[in-house]
Chemist: 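Please read through the structure below; I'll follow up with questions.
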Amino acid sequence: MTAHRHLLDIADLGGRAGIDEVMRLTDSFVEVSERPIPRVPALRGKTLAWLFYEDSTRTRLSFETAAKRLSADTMNFSVSSSSVKKGESLRDTAKTIEAMGIDAIVVRHASAGAPHRIARWVDASVVNAGDGWHEHPTQALLDCYTIRQHRGDLAGQRIAIVGDIKHSRVARSDVWAFTAMGAEVVLVAPPTLLPPSLDGWPVKVSHRIDEVLPTVDVVYLLRMQRERMTEALVPSLREYTATFGLTNQRVELLRDDAMVMHPGPMNRGVEIAAEVADLPRSVILDQVRNGVAVRMAVLYLLLGAGTDRVPEVPPPTPEPLAPTLELPRA
Ligand code: NCD
């Protein structure tokens, strides 16, 4: 097993070989997840802390389930009810949690680069669970796994990523992961929802979804990240749906075997028609299901080295017995 200390972005895995290693480990954890008792002692004795500065449903629950199935202990840290509200700095919070004796911190933060900074301050492993617009590596790994599960391999797949690319950390991680695995990526969005520069991005770009849909193996839809928009980037959501949404009419343009993906949370009726999300070609729930096994693989990769042997605890030294009292005879 290759030694990794942190997972901050897809590049940390060092390209196809590293991603393949996560895929193979995930295969074993999918098998574990299907057992009647889906639990292995792989991370017994390890403690993980969640540091979520942004809302999350699936990512946090998925990491929690993954940790439980590996028998790790977890420390819940809810930013809204913690000293962060009293002005504690990110560094002090991270150092405080570390002082309690933890092996890994899973971080979600609104600022790009926050997990990288924590990784410089603490000795524990750091996993990026989404930082601002930057990256969301475990999402990209579960996306790769889901495509591989249905297609055998990502190499040669043509994947359209559609929507609010500009504000999407999922899109950034997916672009690096999909292309490292040999897939071809085309970004489909209005110019206002693309990053100002795509220099160095190994992608094609189109502003016409109807031309792209018949040519792809996978269409990956993104939510409009309105919480990150400071100005109106589309005239209206209704107009966005009309020009870029995967509507009931537009889905007919896809080839019969093309898959529909979405990282969640979905805005049904905006980027994806309510019915389209439930078609057999939609693998959105497979993505969620695979997320647990992928996160088990990532946590095991970072913390699992040498844990196949549980450390032996020396037997307790017997306490000297209290001296027997000489009771006076009656
Ligand atoms: C995404 C995120 O938070 O980046 N969700 C997720 O983790 N599955 C995408 C989104 O919020 O739209």
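As the structure lists them, so they are numbered: ligands from 1, and atoms in each ligand from 1.
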Chemist: For atom 7 (O) of ligand 1, what is the closest protein heavy atom, and at what distance to 0.1 Å?
Modeler: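 Looking only at protein heavy atoms, the one closest to atom 7 (O) of ligand 1 is H136 NE2, 2.8 Å.
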Chemist: Numbering the atoms of ligand 1 from 1, which are under 4.0 Å from a heavy atom of V170?
Modeler: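 Every atom of ligand 1 under 4.0 Å from some heavy atom of V170: 1 (C), 4 (O), 9 (C).
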Chemist: Take every heavy atom of P265, measure it against each atom of ligand 1, and state whether any distance is under 4.0 Å.
Modeler: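 P265 counts as a contact of ligand 1 under the 4.0 Å cut-off.
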Chemist: Check the surroundings of atom CZ in R117: do more than 12 heavy atoms from other residues, nucleotides or ligands lie under 6.0 Å from it?
Modeler: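 No, not enclosed.
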Chemist: Judged by atom type as modelled, is there a donor-acceptor pair below 3.5 Å linking the side chain of R108 to the main-chain atoms of G132?
Modeler: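 Not at all, since once roles are kept as given, no pair shorter than 3.5 Å links the two residues.
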Chemist: Going by the order shown, which atoms of ligand 1 are within less than 4.0 Å of some heavy atom of Q139?
Modeler: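 Checking each atom against Q139, I get 6 (C), 8 (N).
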Chemist: Within a reach of under 6.0 Å around CG of D123, are more than 12 heavy atoms found that belong to other residues, nucleotides or ligands?
Modeler: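 Count not over threshold, so no.
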Chemist: Take atom CG of D55 as the centre, draw a 6.0 Å sphere, and report whether it contains more than 12 heavy atoms from other residues, nucleotides or ligands.
Modeler: no
Chemist: Report the nearest protein non-hydrogen atom to atom 8 (N) of ligand 1: residue, atom name, distance rounded to 0.1 Å.
Modeler: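 That would be P263 O, 2.9 Å.
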Chemist: Mind checking whether R108 has a heavy atom under 4.0 Å from ligand 1?
Modeler: yes
Chemist: Just need the protein heavy atom nearest to atom 11 (O) of ligand 1, so name the residue and atom and give the distance.
Modeler: R223 NH2, 2.9 Å
Chemist: How far is atom 4 (O) of ligand 1 from its nearest protein heavy atom, and which residue and atom is that?
Modeler: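 For this ligand atom, the closest protein heavy atom is R169 NE, 2.7 Å.
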Chemist: Is the shortest distance from a heavy atom of G264 to ligand 1 less than 4.0 Å?
Modeler: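 Flag set, G264 near ligand 1.
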Chemist: Please confirm whether H134 and H116 have ring centers closer than 6.0 angstrom.
Modeler: yes
Chemist: Pair up each side-chain donor or acceptor in residues 189-199 with any protein partner under 3.5 Å, not counting sequence neighbours, and list the distances.
Modeler:
residue: T192; atom: OG1; partner: L233; partner atom: O; Å: 2.7
residue: S197; atom: OG; partner: D199; partner atom: N; Å: 3.1

Chemist: Under 4.0 Å from a heavy atom of R58: which atoms of ligand 1 are those, numbered in the order shown and with their elements?
Modeler: 8 (N)
Chemist: Once you measure the plane-to-plane angle for Y53 and H109, does it fall in the parallel (<30°), tilted (30-60°) or perpendicular (>60°) bin?
Modeler: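 Geometry flag for H109 against Y53: tilted rings.
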Chemist: Which ligand 1 atoms are under 4.0 Å away from a heavy-atom of T59?
Modeler: 6 (C), 7 (O)
Chemist: Tell me whether the count of non-hydrogen atoms from other residues, nucleotides or ligands lying under 6.0 Å of CZ in R255 goes above 12.
Modeler: yes
